[in-house]
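Have a look at the structure below, then the notes.
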Amino acid sequence: LARTCKYRNAGTFEFLVSGGQAAFIEGNPRLQVEHTVTEEAVGIDIVQAQILIASGKTLEELDLKQDCLAVKAYAIQARVNMLAAGQIAAYREPAGKGVRVDSCCFAGCKPWTSYD
């Protein structure tokens, strides 16, 4: 898809897959907040690669040819949304090997209901 539209940088192409069928949803010419999940799974700093590609480096120069990429791990991303205003009474982040947490939450925090 990227090759067909001559897109040359990091981006996101989303599909729904069911029963062996894939349906295209959207393409975004930017990184999405979920890019950290992909970074964990493939072991590539996508932000750094995007900057290097924008400066003129090729995928081959960065060793990022599609047939050389492999999923090295699995990653899960979860979001917690507040349905009603309130205060976080207690908060404990997971920890351990391979665990990454991107958060600004803390006990006593009063997040907005529109924040995820």
Side-chain angles (χ1 to χ4, degrees):
L1 191 57
R3 185 178 302 122
T4 300
C5 65
K6 297 184 175 141
Y7 184 73
R8 193 181 165 272
N9 211 312
T12 304
F13 293 90
E14 296 182 15
F15 298 84
L16 284 176
V17 178
S18 178
Q21 301 276 27
F24 174 72
I25 300 174
E26 67 179 354
N28 296 299
R30 59 178 167 74
L31 293 178
Q32 291 186 287
V33 68
E34 298 88 359
H35 78 276
T36 56
V37 174
T38 304
E39 288 182 332
E40 291 294 326
V42 298
I44 295 169
D45 184 334
I46 299 172
V47 174
Q48 179 186 43
Q50 183 179 34
I51 292 167
L52 292 171
I53 291 165
S55 72
K57 295 280 187 188
T58 66
L59 293 175
E60 290 78 16
E61 290 172 325
L62 299 176
D63 251 353
L64 295 177
K65 292 176 63 178
Q66 187 68 45
D67 57 349
C68 297
L69 299 178
V71 174
K72 299 179 173 95
Y74 295 93
I76 297 172
Q77 178 173 18
R79 291 184 184 187
V80 177
N81 295 313
M82 300 277 295
L83 299 177
Q87 181 173 352
I88 306 294
Y91 179 76
R92 191 173 92 198
E93 295 180 345
K97 183 179 181 195
V99 174
R100 172 182 171 159
V101 177
D102 297 318
S103 174
C104 67
C105 191
F106 55 91
C109 177
K110 296 178 183 178
W112 298 321
T113 55
S114 59
Y115 176 80
D116 67 16

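Worth saying up front: this structure is predicted, and the values here are computed from it rather than measured.
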Of the non-hydrogen atoms in [X] and [Y], which two are nearest, and what is the gap between them?
X: Val47; Y: Glu39; answer: N-OE2, 3.5 Å
X: Ala22; Y: Val17; answer: CB-CG2, 4.2 Å
X: Leu1; Y: Phe15; answer: CD2-CZ, 4.2 Å
X: Ser103; Y: Glu93; answer: CB-OE2, 3.6 Å
X: Ile53; Y: Leu59; answer: CD1-CD2, 3.6 Å
X: Leu64; Y: Ala49; answer: CD1-CB, 3.8 Å

Consider only side-chain heavy atoms of I, L, V, M, F, W and Y, link residues closer than 4.5 Å, and tell whether Ile51 and Tyr7 are in one cluster.
no

Shared hydrophobic cluster, Val37 / Leu31 (ILVMFWY, side-chain heavy atoms < 4.5 Å)
no

In Å, rounded to the nearest 0.5 Å, how long is the span from [atom1] of [X] to [atom2] of [Y]?
X: Leu62; Y: Leu52; atom1: CG; atom2: CG; answer: 5.5 Å
X: Asn28; Y: Phe13; atom1: CG; atom2: CZ; answer: 9.0 Å
X: Arg30; Y: His35; atom1: CZ; atom2: NE2; answer: 12.0 Å

Please assess Gln21 against Leu16 for the test side-chain contact (heavy atoms from CB on, under 4.5 Å), listing each intermediate value before the final yes or no.
CA-CA 8 Å; Gln21 301 276 27; Leu16 284 176; over 6 Å; no

Taking the six-membered ring for Trp and the full ring for Phe, Tyr or His, determine whether the centres of Tyr91 and Phe106 are under 6.0 Å apart.
no

Check whether any side-chain heavy atom of Leu69 sits under 4.5 Å from a side-chain heavy atom of Lys65, and report yes or no.
no

Using the rule given for salt bridge (Lys or Arg N to Asp or Glu O under 4.0 Å), can you reason through Arg100 versus Asp102, listing the C-alpha separation, both sets of side-chain angles and the distance that settles it, and then say yes or no?
CA-CA 7 Å; Arg100 172 182 171 159; Asp102 297 318; 3.2 Å; yes

Count the heavy atoms of every other residue, nucleotide or ligand shown that sit under 6.0 Å from CD of Glu26, and state whether that count exceeds 12.
yes

Neighbour count >12 (heavy atoms, 6.0 Å) for atom NZ, Lys72:
yes

Is there a donor-acceptor pair under 3.5 Å between the side chain of Glu61 and the backbone N or O of Thr58?
yes

